[in-house]
Amino acid sequence: MAKVALLIGVSEYEPGLNSLPSAVMDVDAMQRVLQHSDMGEFAPGDITVLKNPHRQTMEEAIEALFFNRQKDDLVLLYFSGHGIKDDSGRLYLATHQTRKNAKGELVRTTAVAASLIHDVMENSRSRRQVIILDCCFSGAFAEGMRAKDDGSLDIKNQLVETKKPQSVEGRAVLTSSTATQYSFEQQGSDLSVYTRYLVEGIEKGAADTDNDGVISVDELHEYARKKVQEAAPAMKPEIYAIKEGYKIQLAKARVADPKVKYRKEVEIYAIQGGISPVARMILENLQRQLGLSGGEVREIEMEVLRPYKERLENLQQYRDALIAAVKYEYPLSDQTRNELKAFQQMLGLRDTDIQSIEQELTAQFVHEETPTPISETTYRQQIPVQLEQELDLTLEIALTTAELLSGVVKQVTTTENEVINVKIPAGISPGKKLRVRGKGKFNPLTQERGDLYLVLNQIIAQADNLSSEKGVDYTKLRDLLAAGEWKEADYETYLVMLKAVGREENDYIRSEELLNFPCADLRTIDQLWVKYSNGRFGFSVQKKIYLSVGGKPDGKYYEEAWRKFGDCPRGTSKADRVGWRVKDSWIYDEEVTFDTNAPSGHLPILSIPEAPPHPLSIPSAWDWIRRAPPLRTSSRHPLTALFSRIKTYKV
């Protein structure tokens with residue numbers, strides 16, 4: 001039985017792909033642990049290393065890796081570099097020659113196709129095959145060349161599945177991230193974050209979680225996954241395997257090593273980057289029993305706690321970036337928001353990780369004021385006309401009847417370009433004047449500010465047309481939209497659309513039902529969205545944007561128009577695109593912006609949790625709109641169907 005490995009690292013690329021300096025160092029680190037006699041036990045002569053190879057050299061080496069092997073041989077292919085998906089959803093591994101053609105499409109002959117790898121695996125006699133891809137599927141291509149994936153990359157079918165199950169004992173593919181995520185290099189480290197923890201799991205023996213002296217594929221994956229997510233929660237390493245692929249033995253571990261024993265205990269007791277007083281006493285007793293020095297245990301603990309420390313450092317970096325952005329401009333422009341989102345992804349942080357930071361800083365820069373009512377008589381007695389003209393500021397605020405009755409917090413921009421939140425008390429009468437002290441004009445000579453006076457006007461709204469051909473009650477949708485509850489209104493839109501075609505919650509709408517959606521109901525839904533968003537949201541708003549980028553309301557799928565329709569690229573104003581794609585990548589459900597700061601046409605998106613996985617369901621269809629290529633089984637697309645329907649009666 002032989003253990004054979006091919007280690008490939010590509011760090012240098014043509015213009016359009018970011019360089020990855022750590023890739024060649026990743027290869028060196030993997031080689032070190034694999035050929036170590038106490039770890040991987042690969043013979044040095046059975047490990048081939050390629051750094052920045054040409055495509056042909058790389059393909060020949062991959063073919064040679066799997067050729068003429070024995071049934072019991074273990075074959076390992078490791079790649080560190082950029083992974084790319086073409087327009088048909090096929091995966092390629094980038095070489096340093098990889099480039100695009102004049103149309104911005106991948107020149108396939110400059111990259112190595114996953115199909116080639118799969119073919120040589122299928123034809124190999126080796127029954128134990130492992131592929132490790134430390135790939136940045138989100139590698140930053142220049143405009144026109146797609147390195148970011150839209151969620152449809154099917155690694156399992158392209159690399160794992162086999163048509164010869166009787167010839168394969170086990171096959172496994174490990175990836176550093178899913179197809180829609182960054183796989184990034186950690187600042188201050190020579191290695192990529194994923195490879196670092198693969199190496200650490202083998203080198204330190206920490207991946208041997210069952211203490212049997214052997215590190216299997218699933219143990220190594222689980223150790224690296226846990227460590228990566230401690231440092232960068234947004235990254236989600238994946239494992240795909242068939243048959244006994246999970247249990248393929250990659251390396252051995254030193255079970256009796258005192259350092260390994262101590263490390264595993266630290267892994268148990270290190271919670272959220274700290275060790276409790278009781279856990280500290282347990283570890284100190286263990287240290288004495290194992291005969292470890294203070295320096296040895298400190299080094300072990302620092303290694304175990306390092307991912308938590310890096311996560312805190314990443315959070316601090318994002319905090320510093322947000323502070324700088326808010327000081328530079330507030331409210332934040334679309335361009336700045338997109339830049340912050342890119343930085344967040346680069347740091348491997350989820351939206352939930354940064355939420356508290358954004359809330360804290362927003363509270364610092366946007367103050368909430370509680371004004372005091374003042375009568376016109378008192379106003380004129382206390383405020384001389386000359387002072388009013390010089391320092392005081394009077395603004396009018398339009399409020400709905402519901403806002404006057406229940407109270408509301410309104411955002412107001414003063415003449416000093418200061419954004420404040422003004423709390424309007426419940427039950428106040430139209431025409432009332434409110435005073436906010438010290439928020440008026442600024443006098444640079446006296447260093448004083450006048451007061452801000454707000455005159456409240458009532459919006460006399462016309463009655464909403466809630467007509468329905470199918471007897472659907474649109475009152476709740478109207479009320480949610482009027483209250484600015486955009487996320488809840490988005491879900492309610494999904495529910496009323498189901499009712500309009502005679503279906504219930506958790507069901508889905510068929511394509512033919514969309515093509516024949518009741519006109520009166522579609523008009524009602526659209527006009528409610530348009531009205532209560534002040535023309536910002538609604539199907540007709542989305543249709544207008546779609547047509548402006550080359551789309552046609554004929555129910556057919558126009559791929560380039562859909563990409564442009566979804567885009568919100570750097571420098572693009574809110575009114576141009578709907579913002580479902582940021583820097584060529586379709587956003588996640590949790591990244592949808594449910595407020596009026598969202599780009600025009602951003603809502604409704606009908607993004608709901610746990611949608612049924614039917615290819616023509618409304619919830620999954622909207623998710624598919626943002627991420628996937630057109631359905632192979634139909635030339636029609638759910639939203640194009642609605643656009644076609646809108647065209648019928650010209651909303």
Quiz item: So which of E222, E267, R196 actually passes side chain to side chain contact (heavy atoms under 4.5 Å, CB included) with K227?
Solution: E267

Quick one: does [X]'s side chain get under 4.5 Å of [Y]'s, heavy atoms only?
X	Y	result
Y532	F537	no
V578	I605	no
Y491	L480	no
L20	Y13	yes
S533	L603	no
P53	T95	no
K341	R337	no
Q527	K531	no

Exercise. Could you walk me through whether F79 and V10 pass side chain to side chain contact (heavy atoms under 4.5 Å, CB included), step by step?
Key: CA-CA 8 Å; F79 176 81; V10 183; 3.8 Å; yes

Exercise. Step by step, work out the side chain to side chain contact (heavy atoms under 4.5 Å, CB included) result for Y194 and I132.
Key: CA-CA 10 Å; Y194 182 62; I132 300 176; 4.1 Å; yes

Minimum heavy-atom distance [X]-[Y], with the two atoms named:
X	Y	value
L191	M25	CD2-O, 3.4 Å
L305	G274	CD2-N, 4.2 Å
L547	G551	CD2-O, 3.3 Å
A224	Y197	CA-CB, 4.0 Å
Q97	H54	NE2-CD2, 3.1 Å
T98	I84	CG2-CD1, 3.6 Å

Self-check item: R90 and R108: CA distance, side-chain angles, deciding distance, side chain to side chain contact (heavy atoms under 4.5 Å, CB included) verdict
Solution: CA-CA 10 Å; R90 294 182 292 248; R108 292 168 175 81; 3.7 Å; yes

Quiz prompt | Electrostatic pair D490:K487 at N-O distance under 4.0 angstrom | solution = no

Out of curiosity, [X] [atom1] to [Y] [atom2], how far, rounded to the nearest 0.5 Å?
X	Y	atom1	atom2	answer
F594	E488	CZ	CD	8.5 Å
D26	I8	CG	CD1	13.0 Å
E358	D351	CD	CG	8.0 Å
H82	L93	NE2	CG	12.0 Å
R536	H602	CZ	NE2	10.5 Å
I239	L174	CD1	CG	4.5 Å

Are the side chain of [X] and the backbone N or O of [Y] linked by a donor-acceptor pair below 3.5 Å?
X	Y	result
Y318	L349	no
R99	T110	no
Q542	G601	yes
D595	W486	no
S176	C135	yes

Quiz prompt | Results of salt bridge (charged side-chain N to carboxylate O under 4.0 Å, His left out) for D28 - residues two or more places apart only | solution = K51

Quiz item: Excluding sequence neighbours, so at least two apart, what forms side chain to side chain contact (heavy atoms under 4.5 Å, CB included) with K544?
Solution: none

Quiz item: Hey, which of Q316, R311, Q317, K309 is the one that makes side-chain hydrogen bond (donor to acceptor under 3.5 Å, both in side chains) with E313?
Solution: K309

Exercise. Classify the side-chain pair E339/Q335 by whether it contains a donor and acceptor separated by less than 3.5 Å.
Key: yes

